[in-house]
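Computed from a prediction, not measured in an experiment: that's the story for all the values here. Order of the sequence lines sets the chain letters (A, B, ...), proteins ahead of strands, with each chain counted from 1. Basis for what follows: all heavy atoms, side chains included, without hydrogens, waters or symmetry-related copies.
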Protein chains: 2
Amino acid sequence: MRSENLKIFAEAETCPARNVLDRFGDKWSTLVILVLNEEEKLRFNELHKVIGDISQKMLTVTLRNLEADGLASRKVYPEIPPRVEYKLTPLGKSLVPHISSLLKWADQNFSSIMASRSKYNQKVS
Amino acid sequence: MRSENLKIFAEAETCPARNVLDRFGDKWSTLVILVLNEEEKLRFNELHKVIGDISQKMLTVTLRNLEADGLASRKVYPEIPPRVEYKLTPLGKSLVPHISSLLKWADQNFSSIMASRSKYNQKVS
DNA sequence: TAAAGTAGTTACTTAGAGGTTAGTTTTATT
DNA sequence: AATAAAACTAACCTCTAAGTAACTACTTTA
């Protein structure tokens, strides 16, 4: 049966694909990674300004997740007012080319996809 | 100011990245794409069996989305009982290498990420 | 003494992704 | 006349990702 060599996919919790892709399949992670990649070092409010439409809460959550996974590092300077700098770790940097290649694909095929999408929606409605 | 060359990211609805990545940042799309890629042609119930823990509803929704975006095609044979075959379009196939490279990265760095994640969780709790 | 700056946290709310179960269609089979 | 088969659809429910708004701590500046 043909399903045998595909059974791998059906596993779930021990699956690297699901565990890892789920994380940066959220709304903000890839964006934050790409922004950090362009600027090397950024403070919380700098990230907040650059991204613009992210809420403080979601920026915090996203940064904590990246930190937890070892993709970004968080350096606190014990000053007043506080200063915190975020940057990508080597692991985080190693992910960037893969995201970029995906983004390049998205860019190149964007119009084709949007055309197909609106044509499909016409047929349905 | 450094935020100038990054302002691109703040746009949103016209952004290919968000529009395209949002689509297959969902729970099932990439998985369905990879399964279709391995088998060339698959019927609804074959996909259902191979993936295992997907519900009928979500398989339908996912396939409709892929079809809408022009990544997969749907061919209905007017028979009873019905037969429907799904396969990747050339556009869908062109996406596969990018997903695969991401998956390879996830696979290679899985243990490192999981280690970092549980270490982080210990510190917090 | 009030405001402003920095990096958040907390509590509350909402939209929507995803899941469950049952039903539909048409014909062949027992 | 009941059941099965394939590929769904519809109604309903649940849970969580994400958003909003207010609040915190500490110090400097107006």
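Under the side-chain hydrogen bond (donor to acceptor under 3.5 Å, both in side chains) criterion, B:S55 pairs with no residue at all, not counting sequence neighbours. In terms of the salt bridge (Lys or Arg N to Asp or Glu O under 4.0 Å) criterion, A:K104 has no residue partners (sequence neighbours excluded). By the side-chain hydrogen bond (donor to acceptor under 3.5 Å, both in side chains) test, A:D26 pairs with A:S29, sequence neighbours left out. Remark: A:W105 engages B:S94 in a side-chain hydrogen bond (donor to acceptor under 3.5 Å, both in side chains) (not counting sequence neighbours). Every residue two or more places apart in sequence or in another chain was checked for a salt bridge (Lys or Arg N to Asp or Glu O under 4.0 Å) with A:K57, and none qualifies. By the salt bridge (Lys or Arg N to Asp or Glu O under 4.0 Å) test, A:R83 pairs with A:E79, A:E85, sequence neighbours left out.
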Derivation of the side-chain contact (heavy atoms from CB on, under 4.5 Å) call for A:L102 and A:T30 | CA-CA 11 Å; A:L102 212 49; A:T30 51; over 6 Å; no

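A straight line from CD of B:E79 to C1' of D:dA6 spans 11 Å, rounded to a whole angstrom. Per the geometry, CG belonging to B:L47 stands 10 Å off P belonging to D:dA7, to the nearest Å. The distance from atom NZ of B:K49 to atom P of D:dA5 is 10 Å, rounded to the nearest whole Å. Nucleotide D:dA7 holds its P atom 15 Å from the NZ atom of B:K75, rounded to whole Å. Rounded to whole Å, the distance from CG on A:D26 to P on C:dA17 is 15 Å. Atom CE of B:M58 and atom C1' of D:dA7 are 17 Å apart (whole Å).
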Where along nucleotides 7-15 of chain C does protein come under 4.0 Å, by heavy atom, of base (B) or sugar-phosphate alone (S), with - for untouched nucleotides?
-> BBB-B----

I'd like a table of donor-acceptor pairs (distance under 3.5 Å, sequence neighbours excluded) in which one partner is a side-chain atom from residues 58-68 of chain B, with atom names and distances.
from: B:T60; atom 1: OG1; to: B:Q56; atom 2: O; distance (Å): 3.0
from: B:T62; atom 1: OG1; to: B:M58; atom 2: O; distance (Å): 2.6
from: B:R64; atom 1: NH1; to: B:Y86; atom 2: OH; distance (Å): 3.4

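Residues B:D53 and A:R18 are paired through a salt bridge, judged by an N-O separation under 4.0 Å between the basic side chain and the carboxylate.
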Just the table, please: protein N/O against nucleotides 27-30 of chain C N/O, every pair under 3.5 Å.
none

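When the C1' atoms of four end pairs are superposed on the next four at each end of the helix from C:dT1-D:dA30 to C:dT30-D:dA1, using five pairs per end, the two resulting axes differ in direction by 30°, to 10°.
Judged as a side-chain hydrogen bond (donor to acceptor under 3.5 Å, both in side chains), the pairs with a partner in residues 108-117 of chain B (not counting sequence neighbours) are, in order, A:D69-B:R117. The salt bridge (charged side-chain N to carboxylate O under 4.0 Å, His left out) analysis of residues 92-101 of chain B, with sequence neighbours excluded, yields the pairs B:E40-B:K93.
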